[in-house]
Number of protein chains: 2
Amino acid sequence: MSLRHAMLGLLAERPSSGYDLMKRFETSLTNVWPATQSQVYGELGKLAKAGLLEVVAEGPRGRKEYAITPEGRAELRHWLAETRPDRSRRSEMLLRVFFLDLLTPLEAVAYLSTEAERAASLRADLEQVKEQVQWDDGPLSVNGRLALEYGLRLSAMQEEWARWAAEQIGGTQAAEAGKS
Amino acid sequence: MSLRHAMLGLLAERPSSGYDLMKRFETSLTNVWPATQSQVYGELGKLAKAGLLEVVAEGPRGRKEYAITPEGRAELRHWLAETRPDRSRRSEMLLRVFFLDLLTPLEAVAYLSTEAERAASLRADLEQVKEQVQWDDGPLSVNGRLALEYGLRLSAMQEEWARWAAEQIGGTQAAEAGKS
DNA sequence: GAGGCCATGTAACATGTTACATGATTGT
DNA sequence: ACAATCATGTAACATGTTACATGGCCTC
């Protein structure tokens with residue numbers, strides 16, 4: 001049930017409408033915890049009914065601004081401090097690696113090279129972000145930098161791994177060819 | 001719809017019953033594509049009805065052995081060669097990092113240290129696997145080695161990052177303390 | 001004959017995605 | 001007046017988890 005906590009976390013920083021919240025998901029959490037519009041509106045209703053959020057203002061176009069309640073903060077803190085992260089790791093990219101022998105070596109190398117390029121391009125994007133964002137030394141900025149650095153290191157590792165893996169297959173192929 | 005392809009991939013190697021398939025998921029794919037028993041049996045039925053699998057033998061206790069059909073192989077190959085992996089990465093671990101400022105620096109450091117230790121312990125387990133498994137140079141073994149190497153590099157990166165991140169917070173804290 | 005493993009399946013629920021539906025407000 | 005954006009919500013469907021239910025076979 002992490003969607004709920006992601007929302008509580010964002011609203012702990014400042015109150016927002018569902019629409020605002022969606023935009024905040026898209027900008028800061030897309031790569032960490034994506035959410036769809038229907039999910040957000042649905043969960044806002046449930047959280048309000050449960051007393052973890054409350055409507056603090058109503059604006060034009062039926063806009064409802066939600067703020068976290070003390071109960072909501074308690075729940076958020078409980079989640080952060082007293083529960084362990086669920087690490088369910090599902091990686092379609094890696095699943096495909098298990099079946100790479102069903103492709104020709106050429107196709108397999110192409111797959112891995114594409115992965116390497118994708119990682120490299122993500123890394124370049126993140127470097128850009130690192131340059132452009134003003135790191136204003138607020139507490140929020142610290143968290144963001146930690147997460148960004150994770151992304152940087154992950155994409156670097158992925159690129160290196162994919163290039164190495166492509167070479168393993170390319171090398172095997174070359175050796176096989178050499179035998180005959 | 002990757003569960004279906006994971007199953008086709010395993011059955012492309014050799015026919016299995018639902019029960020066998022479950023065990024194969026648990027041993028080779030737990031870290032990449034976990035599946036529950038109900039999912040596997042449900043999907044076996046659907047795949048058979050769709051003609052991608054067929055029952056090739058029936059044994060004691062109602063055991064049904066499934067084998068991949070040519071249509072199944074075609075679907076598997078199509079998936080591997082002509083579709084791009086969906087990379088939706090959801091990381092509860094990283095989500096928590098975004099809200100780390102809601103904890104005391106001590107608690108935040110504890111969280112990151114736990115992460116570092118978890119990564120280190122996973123890495124040690126994988127090193128063990130690397131030692132113990134006989135890499136028999138079959139094509140299946142090549143794929144497995146690539147995936148294992150990914151796990152090794154990922155856990156190493158995670159440990160380093162978590163230690164670095166803990167130091168960032170610990171360091172900030174020390175600096176703040178120094179000011180007063 | 002008893003315990004452990006083999007073996008399959010269903011039901012209820014939680015979570016997540018896509019598509020549809022509706023309409024107000026603002027800026028040009 | 002028109003387009004873009006703001007704004008909320010529902011419905012249908014896909015996927016995944018947990019719990020329940022049932023019973024056969026094999027070894028000691």
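Letters A, B, ... mirror the listed sequences (proteins, then strands); counts begin at 1. Small disclaimer: the values here were computed from a predicted structure and weren't measured.
- Taking the centre and axis of the six-membered ring of A/Trp79, the NZ or CZ atom of A/Arg4 falls outside the cone set by 45° and 6.0 Å.
- If you check residues 50-68 of chain A against DNA chain D, the residues with a heavy atom closer than 4.0 Å are A/Arg61, A/Gly62, A/Arg63, A/Lys64, listed by number.
- Across the protein-nucleic acid pair, A/Leu21 atom CG and D/dG9 atom P stand 13 Å apart, rounded to whole Å.
- Between B/Glu26 atom CD and C/dC5 atom P there is a gap of 13 Å when expressed in whole angstrom units.
- At a threshold of 4.5 Å between non-hydrogen side-chain atoms, the residues A/Thr114 and B/Arg84 count as touching.
- In terms of phosphate contacts, B/Tyr41 brings a side-chain nitrogen or oxygen within less than 4.0 Å of OP1 or OP2 of C/dT8.
- A salt bridge does not link A/Asp86 to B/Arg90: none of the charged side-chain nitrogens sits closer than 4.0 Å to a carboxylate oxygen.
- Residues A/Glu149 and A/Arg153 are paired through a salt bridge, judged by an N-O separation under 4.0 Å between the basic side chain and the carboxylate.
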Could you write out each protein N or O paired with an N or O of nucleotides 14-18 of chain D at a distance under 3.5 Å?
residue, atom, partner, partner atom, Å
D/dG16, OP2, B/Gln39, NE2, 2.9
D/dG16, O5', B/Gln39, NE2, 3.4
D/dT17, OP2, A/Arg90, NH2, 3.3
D/dT17, OP2, B/Gln39, OE1, 3.4
D/dT18, O4, B/Ser38, OG, 2.4

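- Counting heavy atoms from C-beta on, the side chains of B/Val97 and A/Val32 never come closer than 4.5 Å.
- Note: CZ (A/Phe25) to C1' (D/dA7) measures 17 Å, nearest angstrom.
- In the hydrophobic cluster analysis, where Ile, Leu, Val, Met, Phe, Trp and Tyr join through side-chain heavy atoms closer than 4.5 angstrom, A/Val56 is grouped apart from A/Ile68.
- In this structure, A/Leu3 and A/Phe25 approach most closely via the heavy-atom pair CD1-CZ, 4.0 Å.
- Remark: B/Tyr150 engages A/Trp161 in a ring-ring contact (aromatic ring centres under 6.0 Å, His included) (not counting sequence neighbours).
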